[in-house]
Amino acid sequence: MADAVVTEVADGIAVITINRPGARNAVNGEVARGIAAAVDDLDARSDVRVLVLTGAAGTFCAGMDLKGFLAGDAPTAPGRGFAGITERPPAKPVIAAVEGYALAGGFEIVLACDLVVASEAAKFGLPEVRRGLVAGAGGLLRLPRRIPYHLAMEIILTGEHFPAQRLAEAGLISRLAPAGEALAAARDLAARIAQGAPLALAASKQVVVEAADWTSDEAFARQGEIISPVFASADAIEGAIAFGQKRAPAWRGE
C-alpha cells in the first residue's frame, strides 16, 4: 500500500503530498499522523527552509474522511490537530499548492498555510453546515481574518464552492497558475523564499503570526524577544559580509 503522505526534499524546499487519490486525498488518521511527523522532521532539518503542501492526482483535499469519521478514526494528530497541521502549523514558512478541490478540512489546511498558490480551476469551500457539522479546524477562526467579513460569512454559511479567481480578488491567494501548474508555481515561489536566512524566515513568520494577539504597548518588546537572537546570529554577520562582497550568502542556520 502506498504511503498516505509522501515527502521529498531538494534545494532547501520540502514538498509534502497527501497521497490518497482514490479518496480525493481526504484526511484520515494516517494522513494526520503522516503530516505531523513530516512537519516535526522538516522543522528540525537544517537543509529545509520552506515547505510546500499539496495533494496527489489533481486534487488538493476533499476534507475529513467521513467514512473514517463514522468508524471512529480521528483525523487528528496530538499537539497539531486536524490533518496534523491546523492547530500548530510548521515553524517554517509553508505554501499550499492547490489543484482541483480544497473543501471543508481541505480548505482549513490551506488556511493553516502562510501562502497559497492555486490553479485557476481550483475550487474552495466550507460545506460543513450542509453535513450537519461546523468548520472547527480553523475555518471559522482564520477565514474572517484573511478576507472581507461578509464574503467569509457567505462561504461559511452557504457551504457553496467558490472559484480561485474570486478568492484571489479577495486577497486570499498569493498566485494563480494555469490548471496543472500550481505545484510548479509554488516551487518557484518557495525557491525565492529559500534565498532568505533560515533563522530570519522563521522569526519573521513567528512575529507576524503571534502579533495579532499583542497589545500596542507590548508589541515591540515581544517582537524584540523573538528577533534579537537573529541579529546576534552568525547568519546576520554572513549576510552583511556577503552583501559587501557582492556574493550570495552561505546560510548556516546559526
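What's counted below: heavy atoms across the whole structure, side chains too, no hydrogens, waters or symmetry copies.
- Counting non-hydrogen atoms of other residues, nucleotides and ligands closer than 6.0 Å to CZ of R247 gives a total above 12.
- At a threshold of 4.5 Å between non-hydrogen side-chain atoms, the residues E99 and L183 do not count as touching.
- Side-chain atoms of I155 and I147, non-hydrogen and from C-beta on, do get closer than 4.5 Å to each other.
- In terms of heavy atoms, A57 sits closest to P21 at CB-CB, 3.6 Å.
- For the atom pair CD of E154 and CG of L126, the computed distance is 12.0 Å after rounding to the nearest 0.5 Å.
- Under a 3.5 Å cut-off, the side chain of R142 and the backbone N or O of T86 do form a donor-acceptor pair.
- For the pair I109 and V27, the minimum side-chain heavy-atom distance is below 4.5 Å.
- E108 places a side-chain N or O within 3.5 Å of a backbone atom of G138 that can act as its donor or acceptor partner.
- Within a 6.0 Å radius of CG in D40, more than 12 heavy atoms belonging to other residues, nucleotides or ligands are found.
- Residues passing the side-chain contact (heavy atoms from CB on, under 4.5 Å) test with S46: none are found, sequence neighbours excluded.
- Interatomic distance, CG of D213 versus CD of E218, reported as 9.0 Å (0.5 Å rounding).
- A pairwise comparison of heavy atoms in N19 and A2 identifies ND2-CB, 3.8 Å as the closest pair.
- Under the 4.5 Å side-chain criterion, counting only non-hydrogen atoms from C-beta, D235 is in contact with P198.
- If you run ring-ring contact (aromatic ring centres under 6.0 Å, His included) between F124 and each of F107, F60, Y101, only F107 comes through.
- No donor-acceptor pair closer than 3.5 Å links the side chain of E181 to the backbone N or O of S119.
- Smallest separation of non-hydrogen atoms from V48 and L51: CG1-CD1, 3.8 Å.
- If you chain together hydrophobic residues whose side chains sit under 4.5 Å apart, V94 and L143 fall into the same group.
- When every heavy atom of A164 is checked against every heavy atom of I173, the shortest pair comes out as O-CD1, 3.3 Å.
- Contact check on E160 versus K123 returns no salt bridge, with no Lys/Arg side-chain nitrogen under 4.0 Å from an Asp/Glu carboxylate oxygen.
- Shown here are the side-chain contact (heavy atoms from CB on, under 4.5 Å) partners of D43, two or more places apart in sequence or in another chain: V39, R80, P90, A91, K92.
- Between the side chain of E120 and the backbone N or O of A179, no donor-acceptor pair lies under 3.5 Å.
- Using modelled atom types, no side-chain atom of N28 and backbone atom of P75 make a donor-acceptor pair closer than 3.5 Å.
- A distance of 9.0 Å separates CG in D73 from CD in E30, rounded to the nearest 0.5 Å.
- Side-chain atoms of S174 come within 3.5 Å of backbone N or O of V116 as a donor-acceptor pair.
- A donor-acceptor contact shorter than 3.5 Å links the side chain of T54 to the backbone of A97.
- Tracing side-chain contacts under 4.5 Å through hydrophobic residues (I, L, V, M, F, W, Y), one never reaches V9 starting from V50; they form parts of separate clusters.
- For the pair L115/I193, a side-chain contact is recorded, criterion being any heavy-atom separation below 4.5 Å from C-beta on.
- Taking each heavy atom of P127 and A104 in turn, the nearest pair found is CD-N, 3.4 Å.
- The shortest distance between side-chain heavy atoms of W214 and V207 falls below 4.5 Å.
- The hydrophobic cluster containing I156 also contains L167, counting ILVMFWY residues as joined when their side-chain heavy atoms lie under 4.5 angstrom apart, directly or transitively.
- Atom CG of L189 sits about 4.5 Å away from atom CZ of R175, to the nearest 0.5 Å.
- In this structure, V52 and A190 approach most closely via the heavy-atom pair CG2-CB, 4.0 Å.
- Note: the hydrophobic cluster containing L151 does not contain V129 (ILVMFWY, side chain heavy atoms under 4.5 Å, direct or indirect links).
- Without hydrogens or angle criteria, R88 side chain to G79 main chain gives a donor-acceptor distance under 3.5 Å.
- Counting heavy atoms from C-beta outward, I85 and L53 have side chains that approach closer than 4.5 Å.
- The backbone N or O of A250 sits less than 3.5 Å from a side-chain atom of E238, completing a donor-acceptor pair.
- N25 CG to D65 CG: the interatomic distance, rounded to the nearest 0.5 Å, is 11.0 Å.
- In the hydrophobic clustering of ILVMFWY residues, with side-chain heavy atoms under 4.5 Å counting as a link, I16 and I18 come out together.
- The backbone N or O of L111 sits less than 3.5 Å from a side-chain atom of R146, completing a donor-acceptor pair.
- Atom CD1 of I95 is separated from atom CD1 of I13 by 7.5 Å, given to the nearest 0.5 angstrom.
- Contact check for L199 versus W251: no side-chain heavy atoms found under the 4.5 Å cut-off.
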